[in-house]
Amino acid sequence: MKRSKGKLVPRPTARVVVLDDADRLLLFSTRDEADERVRWFTPGGGVKPGETHEQAAVRELREETGLTTVSLGPEIWRGRPWVAVWKGVAREVQQRYYLARVTAFAVDTSGLEKVERAVITGHHWWTPAELAATQELLRPTGLPTLVASLLADGPPDQPITVDG
């Protein structure tokens with residue numbers, strides 16, 4: 001496992017909590033190879049060199065959903081760092097989550113990168129009731145409660161620390 005000077009290689013990541021005008025949340029899915037469980041997550045990905053988290057969030061949203069115009073809201077959550085190994089390199093994933101309120105739209109995944117097409121198995125607009133009722137694995141942990149709080153109280157004054 002490769003490390004940078006004995007440390008994990010940082011992997012800054014920007015994710016977007018996309019809520020439409022019916023308060024539905026857009027999530028993408030993947031199947032965990034280890035246990036075959038379906039895992040659902042918000043759109044987003046790595047921050048490229050020279051890019052801000054906000055710029056990465058807008059770019060990733062365009063690539064993964066086809067949404068070309070979005071007013072990115074505030075950073076609402078900050079992920080507790082976790083380790084992922086990709087191509088033999090241990091990376092410390094450092095996620096920031098931003099809010100985007102949008103008018104409902106048809107998701108266009110034609111801009112997905114090859115590696116994303118290989119692992120993303122689908123997408124779905126989730127209602128708050130569906131989030132609360134599902135037995136599927138949702139990320140970040142506690143997503144139904146986090147979304148319910150966001151809808152009831154609006155964005156927090158400071159980003160909330162979340163897991164996964």
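Please read all numbers here as calculations on a predicted model, not as lab measurements.
- The aromatic rings of H123 and F28 sit tilted relative to each other, their planes meeting at an angle between 30° and 60°.
- P159 and E75 make their closest contact through CG-CD, 3.6 Å (heavy atoms, listed as atom of the first residue, atom of the second, distance).
- In this model, a donor atom of one side chain and an acceptor atom of the other lie less than 3.5 Å apart for T42 and R15.
- Cluster membership check: V47 does not share its hydrophobic cluster with V58, using side-chain heavy-atom separations under 4.5 Å among Ile, Leu, Val, Met, Phe, Trp and Tyr.
- Distance alone, capped at 3.5 Å, places no donor-acceptor pair between the T134 side chain and the E130 backbone.
- Separation of atoms CG (L25) and OG1 (T127) is listed at 10.0 Å; rounding is to 0.5 Å.
- With a 6.0 Å radius and a threshold of 12 heavy atoms from other residues, nucleotides or ligands, D21 has its CG atom above the threshold.
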*Any chance you could lay out the side-chain contact (heavy atoms from CB on, under 4.5 Å) test for Y97 and V162, step after step, and finish with the verdict?*
CA-CA 10 Å; Y97 291 82; V162 298; 3.9 Å; yes
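- In this structure, the separation between CZ on R80 and CZ on R78 is 12.5 Å, given to the nearest 0.5 Å.
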*May I have the step-by-step check of side-chain contact (heavy atoms from CB on, under 4.5 Å) for L131 and L138, ending in yes or no?*
CA-CA 8 Å; L131 287 171; L138 304 173; 4.0 Å; yes
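- Ion pair R11/E92 not flagged as a salt bridge, since none of the NZ, NE, NH1 or NH2 atoms sits closer than 4.0 Å to an Asp/Glu carboxylate oxygen.
- Screening V107, V70, L112 for a side chain to side chain contact (heavy atoms under 4.5 Å, CB included) with T65, the sole residue that qualifies is V107.
- Interatomic distance, D23 CG to W125 CH2, rounded to the nearest 0.5 Å: 11.0 Å.
- Distance alone, capped at 3.5 Å, is enough to place a donor-acceptor pair between the T52 side chain and the Q55 backbone.
- Proximity of a side-chain donor or acceptor of R31 to a complementary backbone N or O of E36 within less than 3.5 Å is detected.
- Rounding to the nearest 0.5 Å gives a distance of 8.0 Å between CD of Q94 and OG1 of T13.
- Results of the side chain to side chain contact (heavy atoms under 4.5 Å, CB included) test with L143 over F41, W40, W77 single out W77 as the only residue that passes.
- Of the candidates V93, V83, V85, L8 forms a side chain to side chain contact (heavy atoms under 4.5 Å, CB included) with just one, namely V83.
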*R117 vs V115, side-chain contact (heavy atoms from CB on, under 4.5 Å): CA-CA, chis, key distance, verdict*: CA-CA 6 Å; R117 284 193 300 276; V115 67; over 6 Å; no
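- E63 places no side-chain N or O within 3.5 Å of a backbone atom of E60 that could act as its donor or acceptor partner.
- Ion pair D108/R62 not flagged as a salt bridge, since none of the NZ, NE, NH1 or NH2 atoms sits closer than 4.0 Å to an Asp/Glu carboxylate oxygen.
- The CD atom of E54 lies 7.0 Å from the CG atom of L72; values are rounded to the nearest 0.5 Å.
- Residues E116 and E113 come closest through the heavy atom pair OE1-N, 2.7 Å.
- Annotation for L151 and P128: closest pair CD1-CG, 3.7 Å, computed over non-hydrogen atoms.
- Under a hydrophobic-cluster definition in which Ile, Leu, Val, Met, Phe, Trp and Tyr are linked whenever side-chain heavy atoms come within less than 4.5 Å, directly or via other members, I120 and V16 are assigned to the same cluster.
- Scanning all heavy atoms of the two residues, the minimum distance from T141 to L146 falls at O-CD1, 3.7 Å.
- Nearest approach of P155 to L99, heavy atoms of both residues: CG-CD2, 3.8 Å.
- Atom CG of residue L67 and atom CG of residue L26 lie 9.5 Å apart, to the nearest 0.5 angstrom.
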*After noting the C-alpha distance and the side-chain angles of L150 and L19, does the key distance pass the side-chain contact (heavy atoms from CB on, under 4.5 Å) rule?*
CA-CA 10 Å; L150 191 59; L19 290 167; 4.0 Å; yes
*S29 and T121: side-chain hydrogen bond (donor to acceptor under 3.5 Å, both in side chains), yes or no, with the steps?*
CA-CA 5 Å; S29 63; T121 58; 2.7 Å; yes
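- Looking only at distances, no side-chain donor or acceptor of Q95 sits under 3.5 Å from a matching main-chain atom of P12.
- One hydrophobic cluster, built from ILVMFWY side chains closer than 4.5 Å, cannot hold both L61 and V17; they sit in different ones.
- Residues T30 and V119 come closest through the heavy atom pair OG1-O, 2.7 Å.
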